[in-house]
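Every value quoted in this text rests on a predicted model; they were computed, and no experiment measured them.
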Amino acid sequence: MAKRQTWIDQLNRYVFPLVVLAIGLYGTWDLIIQPYARIEQPLTTCSTNVIDVAVLKPSTNPNHPPKRVQAPEGLPIVVPAGEQRLLAITVDNPEQQSVMYQWQATHGQFASRVTVESQSAYTAPRNLVNDTVTVEATLQGCSPTKRTVDLAIVPSAKVPMTDQPLPETPALPSPTPSIPTTLPTIDPFAEPTR
């Protein structure tokens, strides 16, 4: 008489060969087929080469180009508070590929934070601080490069230091009224009057 199989034995009869087959197929895929089918992404072999970052003072005469502002080696470039300067970057780009620039300042503001033009207008803050300006240039298909410029914000003769109005001068106190020499007395135990 044949022994009757339990449901676990019947399940093992079908599941075990399927598990062995799945492991074999996965091993074949992982070790043989996938390495040959994998498409390698090209590595970025170039980087953006920044030649120069300049701070330019706009000319009051539209017929004259902006004037380059320089500082001695190791010192920040001086910018009066609240005034504008142009920051310009020069990138080595012989093939004339498109370049994207990202402009950031710790305290000041840029007219455009992301540009495709190699310059952006910077407005200095109205308080006296040292500001760090960072520009990141990315040549199409290449890795980006960052450069920083340190600026010293100094008082300006043209722009007030803060946007807050100056405090008003205190008004002279009016003459004090005469104080009565006798103060009224209050009896806490007195009957209230109506």
(request) Determine, stepwise, if the pair Thr134 / Gln104 fulfils side-chain hydrogen bond (donor to acceptor under 3.5 Å, both in side chains). (result) CA-CA 5 Å; Thr134 305; Gln104 293 178 329; 5.2 Å; no
(request) Apply the test side-chain hydrogen bond (donor to acceptor under 3.5 Å, both in side chains) to residues Gln140 and Ser98: give CA-CA distance (whole Å), side-chain angles for both, the deciding distance (0.1 Å), then the verdict. (result) CA-CA 6 Å; Gln140 182 180 8; Ser98 64; 3.2 Å; yes
(request) Please assess Val135 against Leu87 for the test side chain to side chain contact (heavy atoms under 4.5 Å, CB included), listing each intermediate value before the final yes or no. (result) CA-CA 9 Å; Val135 58; Leu87 267 81; over 6 Å; no
(message) Could you walk me through whether Asn49 and Val91 satisfy the side chain to side chain contact (heavy atoms under 4.5 Å, CB included) test, starting with their C-alpha distance in whole Å, then the side-chain angles of each, then the deciding distance to 0.1 Å, before giving a yes or no?
(response) CA-CA 6 Å; Asn49 186 17; Val91 174; 5.8 Å; no
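Using a 4.5 Å heavy-atom threshold, the side chains of Ser118 and Tyr101 count as touching. The shortest side-chain heavy-atom distance between Asp52 and Val50 does not fall under the 4.5 Å cut-off. For the pair Ile153/Asn127, no side-chain contact is recorded, criterion being any heavy-atom separation below 4.5 Å from C-beta on. Between Asn93 and Val99, some side-chain heavy-atom pair lies under the 4.5 Å cut-off. The side-chain heavy atoms of Ser59 and Pro66, taken from C-beta on, include no pair separated by under 4.5 Å.
Residues passing the side-chain contact (heavy atoms from CB on, under 4.5 Å) test with Ile51 are Thr90, Asp92, sequence neighbours excluded. Scanning for side-chain contact (heavy atoms from CB on, under 4.5 Å) contacts around Thr6 gives Ile8, Asp9, with sequence neighbours left out. With sequence neighbours excluded, the residues forming a side-chain contact (heavy atoms from CB on, under 4.5 Å) with Lys57 are Val69, Arg85, listed by chain and number. Partners of Arg113 under the salt bridge (Lys or Arg N to Asp or Glu O under 4.0 Å) rule, at least two apart in sequence or in another chain, do not exist in this structure. For Asp150, the side-chain contact (heavy atoms from CB on, under 4.5 Å) test picks out Pro76, Thr132, with sequence neighbours left out.
Atom CD of Gln109 has 12 or fewer neighbouring heavy atoms from other residues, nucleotides or ligands inside a 6.0 Å radius.
Listed here is the closest heavy atom pair of Thr48 and Pro144: OG1-CA, 4.2 Å. Nearest approach of Ala111 to Ser120, heavy atoms of both residues: N-OG, 4.2 Å. The heavy-atom pair separating Arg68 from Ala54 by the smallest distance is NH1-CB, 3.4 Å. Summarising the geometry of Glu83 relative to Ser156, their closest heavy-atom pair is OE2-OG, 3.0 Å, with the distance given to 0.1 Å. Nearest heavy-atom pair across Leu128 and Pro155 is CD2-N, 3.4 Å. Of all the heavy atoms in Ala71 and Leu75, the pair that sits closest is CB-O, 3.6 Å.
Hydrophobic cluster membership for Val114: Met100 (Ile, Leu, Val, Met, Phe, Trp, Tyr linked by side-chain heavy atoms under 4.5 Å, directly or transitively). Other cluster members for Phe16: Val20, joined by side-chain heavy-atom distances under 4.5 Å among Ile, Leu, Val, Met, Phe, Trp and Tyr. Tyr26 belongs to no hydrophobic cluster with other residues, because no ILVMFWY side-chain heavy atom falls under 4.5 Å from its own, directly or through intermediates. Members clustered with Leu56: Leu86, by chain and number, using a 4.5 Å side-chain heavy-atom cutoff among hydrophobic residues.
The ring-ring contact (aromatic ring centres under 6.0 Å, His included) analysis of residues 111-155, with sequence neighbours excluded, yields the pairs Phe110-Tyr122. Screening residues 53-89 for ring-ring contact (aromatic ring centres under 6.0 Å, His included), with sequence neighbours left out, gives no hits. The salt bridge (charged side-chain N to carboxylate O under 4.0 Å, His left out) pairs that include a residue from residues 127-143 are Glu136-Lys146, where partners are two or more places apart or lie in different chains.
Counted by atom type alone, Trp103 and Ser112 present zero donor-acceptor pairs between their side chains at under 3.5 Å.
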